[in-house]
> 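Sharing a structure with you now.
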Amino acid sequence: MEKEQKELVDFVVTARKYKTTLTEKFKNRPVWHKPYVGDVISHLPGTIVELEVKVGDEVEAGQLLLIHQAMKMLNRIVAPVSGVVSEVNVHIGEQIPKDHLMVRIDPK
């Protein structure tokens with residue numbers, strides 16, 4: 001019976017070099033991608049309670065976009081950048097999952 005050969009990966013911590021194996025969970029994780037600067041994404045699943053903008057509206061950084069209820073708390077979601085709202089992917093009363101694109105803003 002042949003023993004399975006594990007792949008070792010090098011990493012360096014404070015000028016010392018180590019070897020380790022990667023878990024299957026780590027190998028199968030979703031690939032991270034840099035988010036678009038104007039994307040407003042939900043970090044928790046919840047319900048949209050209020051919607052203050054529509055497509056075509058000009059917004060300033062810090063302006064209220066919507067109210068998102070998650071874990072019995074009302075969260076004020078504000079614009080991360082100034083610009084024009086190009087997409088609104090939610091409506092009042094909608095239940096949304098984690099990592100849902102709620103609003104997209106095209107920066108000025």
Side-chain angles (χ1 to χ4, degrees):
M1 191 158 74
E2 197 173 307
K3 188 175 183 181
E4 182 181 329
Q5 183 74 23
K6 297 232 178 200
E7 177 185 356
L8 296 175
V9 178
D10 294 335
F11 66 99
V12 177
V13 177
T14 336
R16 293 188 186 267
K17 192 172 184 178
Y18 299 91
K19 288 189 180 291
T20 190
T21 57
L22 302 178
T23 64
E24 286 303 312
K25 180 178 178 182
F26 182 83
K27 290 178 189 177
N28 296 329
R29 75 194 184 284
V31 177
W32 182 86
H33 65 279
K34 185 176 181 179
Y36 180 70
V37 70
D39 284 356
V40 180
I41 298 171
S42 65
H43 296 290
L44 294 169
T47 305
I48 304 302
V49 178
E50 287 182 33
L51 191 55
E52 300 291 328
V53 294
K54 60 186 181 308
V55 174
D57 286 355
E58 285 194 25
V59 295
E60 294 296 322
Q63 180 180 333
L64 179 65
L65 300 174
L66 56 94
I67 304 289
H68 175 239
Q69 182 179 359
M71 298 174 53
K72 298 183 181 181
M73 295 188 303
L74 297 176
N75 302 290
R76 296 171 40 88
I77 308 300
V78 297
V81 294
S82 298
V84 178
V85 176
S86 61
E87 288 182 44
V88 176
N89 296 322
V90 294
H91 58 271
I92 295 174
E94 180 178 6
Q95 292 187 339
I96 59 172
K98 178 182 177 183
D99 297 328
H100 181 78
L101 175 63
M102 297 183 288
V103 178
R104 175 167 284 160
I105 300 169
D106 290 331
K108 287 183 183 177

> If we check side chain to side chain contact (heavy atoms under 4.5 Å, CB included) with V59, which of these qualifies: L64, V84, V78, V53?
V53
> Less than 4.5 Å apart, any side-chain heavy atom of V13 and any of Y18?
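Side chain of V13 against side chain of Y18, heavy atoms only: contact under 4.5 Å found.
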> Which heavy atom in P80 sits nearest to a heavy atom in A61, and how many Å separate them?
O-CB, 4.2 Å
> From E24 CD over to R29 CZ, what is the distance, rounded to the nearest 0.5 angstrom?
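So the gap between those two atoms works out to 12.0 Å.
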> In Å, rounded to the nearest 0.5 Å, how long is the span from CZ of F26 to OG1 of T21?
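Rounded to the nearest 0.5 Å, the CZ-OG1 separation comes out at 11.5 Å.
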> Please test I67 against R76 for side-chain contact (heavy atoms from CB on, under 4.5 Å), starting from the C-alpha separation and ending with a verdict.
CA-CA 5 Å; I67 304 289; R76 296 171 40 88; 3.9 Å; yes
> Shared ILVMFWY cluster between M102 and V55, side chains joined below 4.5 angstrom?
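Linked within one cluster.
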> Shortest non-hydrogen contact from E87 to N89?
OE1-ND2, 3.2 Å
> Might you point out which heavy atoms bring K19 and L8 nearest each other, and give the distance in Å?
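Heavy atoms of K19 and L8 come nearest at CD-CD1, 3.9 Å.
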> Any donor-acceptor pair under 3.5 Å linking the side chain of N28 with the backbone of K25?
no
> What distance separates N75 CG from H68 NE2, expressed to the nearest 0.5 Å?
7.0 Å
> Indicate whether the side chain of S82 and that of E60 have a donor and an acceptor atom separated by less than 3.5 Å.
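Yes, side-chain donor-acceptor contact under 3.5 Å.
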> To the nearest 0.5 angstrom, please state how far the NE2 atom of H100 sits from the CD1 atom of I48.
7.5 Å
> To the nearest 0.5 angstrom, please state how far the CD atom of Q69 sits from the OG1 atom of T47.
6.0 Å
> Hydrophobic clusters here meaning ILVMFWY residues chained together by side-chain heavy-atom distances under 4.5 Å, can you tell me if L66 and I92 are in one?
yes
> Search all heavy atoms of Y36 against all heavy atoms of I105 and return the closest pair with its distance.
CE2-O, 3.6 Å
> For R104, does its backbone N or O pair with a side-chain atom of S86 as donor and acceptor, under 3.5 Å?
yes
> Say you draw a straight line from CG of D99 to CD1 of I41; how long is it, rounded to the nearest 0.5 Å?
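One gets 7.0 Å once the value is rounded to the nearest 0.5 Å.
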> Is any side-chain heavy atom of T20 less than 4.5 Å from a side-chain heavy atom of F11?
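They are in contact (side-chain heavy atoms under 4.5 Å apart), so the answer is yes.
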> Around atom NZ of K98, are there more than 12 heavy atoms from other residues, nucleotides or ligands closer than 6.0 Å?
no
> How close do V12 and K17 get, heavy atom to heavy atom, and via which atoms?
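Taking V12 first and K17 second, the nearest heavy atoms are CG2-CG, 4.3 Å.
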> Which atom names give the shortest non-hydrogen contact between V103 and L101, and what distance separates them?
O-CD1, 3.6 Å
